[in-house]
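What follows is a single structure, written as structure tokens, with notes after it.
We name chains A, B, ... by the order of the sequence lines, and we start the count at 1 in each one. Values reported hereafter were calculated over all heavy atoms of this structure, with side chains retained and with hydrogens, waters and symmetry mates removed.
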Protein chains: 2
Amino acid sequence: MRHKEGNKEKAIIEAAIETFAEDGFYKSKIVDIAEKANVAIGSIYVYYKNKDDILLKIFDQIWEPIYNDMKRIASDKSYTPTQKFEFMLDSVFDAFEKYPEKAVVFVNEQNRLMKERPKSFTNYYELFIKEGEKIIKSGIRSSEFKNLNVRIFRRFVLGGLRELLREWTKNPTKRSLNQIRDSVKYFCKTGILDK
Amino acid sequence: MRHKEGNKEKAIIEAAIETFAEDGFYKSKIVDIAEKANVAIGSIYVYYKNKDDILLKIFDQIWEPIYNDMKRIASDKSYTPTQKFEFMLDSVFDAFEKYPEKAVVFVNEQNRLMKERPKSFTNYYELFIKEGEKIIKSGIRSSEFKNLNVRIFRRFVLGGLRELLREWTKNPTKRSLNQIRDSVKYFCKTGILDK
DNA sequence: TTTTTTTGTGAATTGATATTCAAAAATAAT
DNA sequence: ATTATTTTTGAATATCAATTCACAAAAAAA
């Protein structure tokens, strides 16, 4: 039986991440992805059903590790809800810091894709959200947090995060991301009013 | 000289708002917009340069009235910074409450468009942002607000707002929007911690 | 070595849809 | 009524790019 020469599957998805980040999904051409990955156009269709399928696999790659982090954090009894909340933010920031192109794809493509293909979109994202909400609820139960509307709060925070990541990807340095991270934590915890 | 029969220009942009909201910009077909507006395909190209041009004009329509509101609010000396901040949020919420399809176009298309066509994107948005930042800065100067990073704060808040509007557009009732509005104001002012 | 199976290729096909433009229709001017 | 001007039309054109597939090359099996 013939062995695969090199790892074309990986080369393709990495080329796709770069290309989607650069040009956006709709303007990205399969030809360009093939060139960047050093494979023939046809090879792409050996490893992926179609262009959409590549994007869906990218989102699996984005959210699976973050969800795994979350599970670990959420189940650790030695953390307070506030600490868990901060670690949750850290796990998102850390993931995107390592691979800014994934952050670009996330901020630009996730919403459209979730709307267009709700069935096929990665489950790991939904699971991540669930764990996040659990953390907030436990903080409310223990009176560490205010009794705010959890769904509204988590959407607001994730939306804000996404927007900041979007800005960050234009100049993705470690320093600027840390500044964003600290500001978000501080603001979420204490709000805007000075008292 | 022949007079225009009816207002095709307006019919076209309104049909386009509906269509873009429903299908997203890339999947929207000029043919469908023409049908919805009850005009021939060719007429669209009489009033607009191309498909992109329609979208750009929609964003003018979205941000001009909001910016005008903002100017009025920002220059009114009888409001405190906190009041101005709340009125600023109200002006965004009110605008989209009146025309939810515009909210859909805003949440789905603005970022991509600003990235792809930064030169042609409506100036009113940038002006709106500037007025908003001025309000925050004046609150910091008067020690009513904490000394937070203004750019990070305004991105976070606008990102959060957009995400909540996105959710709201799935079921755009007055009641649910008011709930979001109150939650956002409360959260922005005082944060998550219960003390 | 020969055969079989798996993997890789890219020119050709297919489908889609934005845009054009020559002609027609509607109105105004003479 | 005739001509001139403006507005409208939609079939035809042009462009673009995703996907296919018949074939080739490489490796494994016989």
- Query: Quick one: is D:dT8 close enough that its OP1 or OP2 comes under 4.0 Å of any side-chain N or O from B:S43?
  - Reply: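 Result: no.
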
- Message: If you compare every side-chain N and O of A:Y45 against the phosphate oxygens of C:dG10 (OP1, OP2), does one of them come in below 4.0 Å?
- Response: no

- Any side-chain donor-acceptor pair under 3.5 Å between A:Q179 and A:W168?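 The criterion, which ignores hydrogens and geometry beyond distance, is not satisfied for A:W168 and A:Q179.
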
- List the atom of B:Y48, the atom of B:E9, and the distance in Å for their closest heavy-atom pair. OH-O, 3.0 Å

[X] side-chain proximity, nearest of [options]:
{"X": "A:Y47", "options": "D:dT20, C:dT7, D:dA18", "value": "C:dT7"}
{"X": "B:K8", "options": "C:dT17, D:dT9, D:dA18", "value": "D:dT9"}
{"X": "B:A40", "options": "D:dG10, D:dA17, D:dT8", "value": "D:dG10"}
{"X": "B:I41", "options": "C:dT20, D:dT9, C:dG8", "value": "C:dT20"}

Could you tell me how far apart [X] ([atom1]) and [N] ([atom2]) are, to the nearest whole angstrom?
{"X": "A:D32", "N": "D:dA17", "atom1": "CG", "atom2": "C1'", "value": "11 Å"}
{"X": "A:K27", "N": "D:dT15", "atom1": "NZ", "atom2": "P", "value": "18 Å"}
{"X": "B:N7", "N": "D:dT7", "atom1": "CG", "atom2": "P", "value": "13 Å"}
{"X": "A:K29", "N": "C:dG10", "atom1": "NZ", "atom2": "P", "value": "18 Å"}
{"X": "B:I30", "N": "C:dT17", "atom1": "CD1", "atom2": "C1'", "value": "9 Å"}
{"X": "B:E35", "N": "D:dT9", "atom1": "CD", "atom2": "C1'", "value": "14 Å"}
{"X": "B:I33", "N": "D:dG10", "atom1": "CD1", "atom2": "P", "value": "17 Å"}
{"X": "A:I12", "N": "D:dT19", "atom1": "CD1", "atom2": "P", "value": "13 Å"}

Name every donor-acceptor pair, under 3.5 Å, that has one atom in a side chain of residues 10-23 of chain A and the other anywhere in the protein, sequence neighbours excluded.
{"residue": "A:T19", "atom": "OG1", "partner": "A:A15", "partner atom": "O", "Å": "2.7"}

- Is the NZ atom of A:K174 crowded by more than 12 outside heavy atoms at less than 6.0 Å? no

- Query: Base, sugar-phosphate, or nothing for B:V39, non-hydrogen atoms under 4.0 angstrom?
  - Reply: sugar-phosphate

- Message: For A:E133, run the salt bridge (Lys or Arg N to Asp or Glu O under 4.0 Å) check against A:R154, A:R155, A:K84 and tell me which one passes.
- Response: A:R154

- Positions of residues 49-56 of chain B (non-hydrogen atom under 4.0 Å from DNA chain C), listed by number: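 B:N50, B:K51, in order of number.
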
- Message: Could you check whether B:K102 makes a cation-pi contact with B:F96, meaning its NZ or CZ is under 6.0 Å from the centre of the six-membered ring and within 45° of the ring axis?
- Response: no

- Task: Check whether the ring centres of B:F59 and B:Y125 lie less than 6.0 Å apart, and answer yes or no.
- Result: no

